[in-house]
Amino acid sequence: MEDETKNNWGSTAWAHLSSTRQHSPLIQCITNFVSMDFMANTLLAAGASPAMLHSLQEIPDFTPNINALCINIGTLTADWLPAMKMAAEVAVKAGKPWVLDPVAAGASKFRLEACIELVKLKPCVIRGNGSEILALFRASVGSTKGVDSMHDSTDAIEAAKSLAEASGCIVAVSGAVDIVTDGKRVVGARNGVAMLQKITATGCSVTALIAAFVAVDPVHAFEATATALSIFGVAAEMAIDLSKGPASLRMHLIDSLYGLDHSTVLKRVNITSL
Ligand SMILES: Nc1ncnc2c1ncn2[C@@H]1O[C@H](COP(=O)(O)OP(=O)(O)OP(=O)(O)O)[C@@H](O)[C@H]1O
Ligand SMILES: Cc1ncsc1CCO
Ligand SMILES: [Mg+2]
C-alpha cells in the first residue's frame with residue numbers, strides 16, 4: 001500500500017511537471033525584489049512562462065490573460081498593496097487561480113493586516129514557513145525571525161488545518177517535511193535538502209512553482225501543491241551532489257529542475273499521508 005501510494009504520487013508529480021513543460025503556463029508574479037530573478041528562473045526551468053508585472057495600471061489588461069498569479073509580500077510597502085489586491089480580484093473574476101506567499105507575516109502589524117486582507121480575496125493556495133502559517137492562524141505579530149522560520153513545519157500542522165478550513169484555501173507549510181492540507185486531508189512531502197535554507201528565496205520560488213502546477217491542474221490544487229513542493233525538493237536532491245555550497249546549489253538546482261526525467265521523479269518523489 002505504501003509503495004502503491006508512493007508510485008501514484010510519483011506519476012502525479014511527473015504528470016504535473018510534463019504538463020507544465022508542454023503547456024508553458026503564463027505565471028504573473030508580484031513578488032519581492034530579492035526573489036525576482038530566482039523565481040523567474042525556477043519557473044523557466046520548469047517549463048513555465050514567468051512575468052514579473054506589478055503595475056496597477058497594466059493589471060486590467062494583463063491579468064485576465066494569465067494562467068495563474070503568485071503574490072508574495074516579501075518587500076511590501078504601502079504603494080504595492082493596491083496592485084496586489086487588484087491583481088487578486090481580477091484573477092478571481094477571470095477564473096484564474098492565485099497563490100499567496102505571506103513572507104514574514106508575523107514581523108509587523110502592517111504585514112499581518114495585509115496578509116489577512118489578501119486571504120479574504122480567495123487565494124487557491126497559501127504557502128509559508130512554520131512561523132508564517134502560525135502568525136496567520138493566530139492573527140498575531142511575533143514568533144518569527146524576519147523572513148526565517150523559528151518553527152518546524154510540523155509545529156504548524158493544526159494551525160494549517162484550521163487556516164485551510166477557515167479560508168477555504170489549500171495551506172502548505174515548508175520545512176524538512178513539507179505539509180499540505182485542505183483542512184481534512186494532510187500529506188507530507190519529504191524531499192529537499194537542508195541547504196535550501198541557505199539560499200534566499202527558495203521558499204518564494206517553490207510558491208511560484210505551486211502556481212505553475214495549479215495552473216495546469218486547477219481542479220486538483222491540493223495534489224498540485226504537494227507535487228510542486230516534492231519536485232522542487234527532488235531537483236535539490238539531484239543538485240546537492242554536484243554542489244560545493246549554497247551558490248553552486250542554486251545553479252545546479254535550476255539545471256536539475258530543467259533536466260528532471262521520468263525515472264528520477266518516480267524513484268524519488270516521497271509524499272505520504274499524515
Ligand atoms: N530542513 C530541511 N530539509 C530539507 N528541505 C528543507 C528544509 N528546510 C526547508 N527546506 C526546503 O527549502 C525550501 C524553502 O523552504 P523554507 O521553509 O526555508 O521557506 P521560506 O522560509 O519561505 O524561504 P524564503 O523566505 O527564503 O523564500 C522548500 O522547498 C523546503 O521544502
Ligand atoms: C531576505 C528577504 N527579505 C525580504 S523578502 C526576502 C526573500 C526571502 O523571503
Ligand atoms: Mg518565505
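Counting starts at 1 for both ligands and their atoms, in listed order.
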Note: ligand 2 atoms sitting under 4.0 Å from heavy atoms of Asn32 are 5 (S), 7 (C)
For Thr144 and Gly106 the tightest heavy-atom approach is CG2-C, 3.7 Å
So which heavy atom on Glu237 is nearest to which on Gly192, and how close? OE2-N, 3.0 Å
Under the criterion side chain to side chain donor-acceptor pair (under 3.5 Å), I'd like the reasoning laid out for Arg127 against Ser174: C-alpha separation, chi angles, the key distance, then a yes or no. CA-CA 7 Å; Arg127 193 294 310 168; Ser174 56; 2.7 Å; yes
Under 4.0 Å, heavy-atom basis, I'd like to know which part of Cys204 is in contact with ligand 2: side chain, backbone, both or neither. side chain
Donor-acceptor contact below 3.5 Å, side chain Thr227 vs main chain Ala224: yes
Just to confirm my output: which protein heavy-atom neighbour is closest to atom 13 (C) of ligand 1, and how far is it? Thr202 OG1, 3.8 Å
By number and element, which atoms of ligand 1 are closer than 4.0 Å to a non-hydrogen atom of Ser174? 15 (O), 16 (P), 17 (O), 19 (O)
Look at atom 3 (N) of ligand 2 and say which protein heavy atom is nearest, naming residue and atom and giving the distance to 0.1 Å. Val147 CG1, 3.6 Å
Thr200 heavy atoms, cut-off 4.0 Å: which ligand 2 atoms fall inside? 1 (C), 7 (C), 8 (C)
May I ask whether Leu229 has any heavy atom positioned less than 4.0 angstrom from an atom of ligand 1? no
For Ser149, state whether at least one heavy atom is located under 4.0 Å from any atom of ligand 1. no
Is a side-chain donor-acceptor pair under 3.5 Å present for Thr77 with Asp79? yes
Among all protein heavy atoms, pick out the one at the shortest distance from atom 25 (O) of ligand 1; state its residue, atom name and that distance to 0.1 Å. Val147 O, 4.0 Å
Under 4.0 Å to a heavy atom of Arg127 - the qualifying atoms of ligand 1, by number: 19 (O), 20 (P), 22 (O)
Minimum heavy-atom separation for Leu26 to Phe62, with atom names? CD2-CZ, 4.1 Å
For Ile254 and Phe38, which heavy atoms make the closest approach, and how far apart are they? CD1-CE1, 3.6 Å
Which of the listed options, Gly74, Ala172, Ala194, holds the heavy atom that is closest to atom 3 (N) of ligand 1? Ala194
Which is it for Arg190 and Thr272 under the side chain to side chain donor-acceptor pair (under 3.5 Å) test, yes or no, and what are the steps along the way? CA-CA 8 Å; Arg190 285 186 176 75; Thr272 53; 3.1 Å; yes
For the 3.5 Å polar cut-off, considering only N or O atoms, please tell me whether Leu196 and ligand 1 meet it. no
Are Gly175 and ligand 1 in contact, using a heavy-atom cut-off of under 4.0 Å? yes
Atoms in ligand 2 flagged as close to Val103, the criterion being non-hydrogen separation under 4.0 Å: 9 (O)
Any heavy atom of Asp178 under 4.0 Å from ligand 1? The part involved is side chain
Hey, is ligand 1 close enough to Gly203 that some N/O pair sits below 3.5 Å? yes
Under 4.0 angstrom from ligand 1, any heavy atom of Asp148? no
Report, in ascending order of atom number, the atoms of ligand 1 lying under 4.0 Å from any heavy atom of Phe232. 29 (O)
Side-chain touch Ile126/Ile133, heavy atoms, less than 4.5 angstrom: yes
A side-chain contact here means heavy atoms from C-beta on lying under 4.5 Å apart; do Lys109 and Leu112 qualify? no
Starting from atom 6 (C) of ligand 2, what is the nearest protein heavy atom, named by residue and atom, and what distance separates them? Val34 CG2, 3.7 Å
Val180 and Ala226 have their tightest heavy-atom pair at CG2-CA, 3.9 Å
Candidate pair Asn129 and Ser131, rule side chain to side chain donor-acceptor pair (under 3.5 Å), full reasoning: CA-CA 6 Å; Asn129 62 38; Ser131 293; 4.6 Å; no
Candidates Ala176, Ser35, Gly233, Ser205; heavy atom nearest atom 2 (C) of ligand 1 found on Ala176
Which of the ligand 1 atoms, numbered from 1, are nearer than 4.0 Å to a heavy atom of Gly192: 4 (C), 5 (N)
I'd like to check Leu196 versus Leu253 (side-chain heavy atoms, cut-off strictly below 4.5 Å). Are they in contact? yes
Step-by-step side chain to side chain donor-acceptor pair (under 3.5 Å) determination, Asn72 to Asn32: CA-CA 6 Å; Asn72 174 306; Asn32 68 75; 2.8 Å; yes
Smallest separation among heavy atoms of Leu260 and Trp14, with atom names: O-CZ3, 3.7 Å
Give the residue and atom name of whichever protein heavy atom lies nearest to atom 26 (O) of ligand 1, and the separation in Å to one decimal. Ala201 N, 3.2 Å
Please classify the Val193 to ligand 1 contact at 4.0 Å (heavy-atom distances, strictly less than): side chain, backbone, both or neither. backbone
Going by the atom numbers of ligand 1, which of them fall below 4.0 Å from some non-hydrogen atom of Gln197? 1 (N), 2 (C), 7 (C), 8 (N), 9 (C), 18 (O)
Looking only at protein heavy atoms, identify the closest one to atom 4 (C) of ligand 2 and say how far it is in Å. Gly74 O, 3.3 Å
Could you check atom 21 (O) of ligand 1 against the protein and tell me its nearest heavy-atom contact, residue, atom and distance included? Asn129 ND2, 2.9 Å
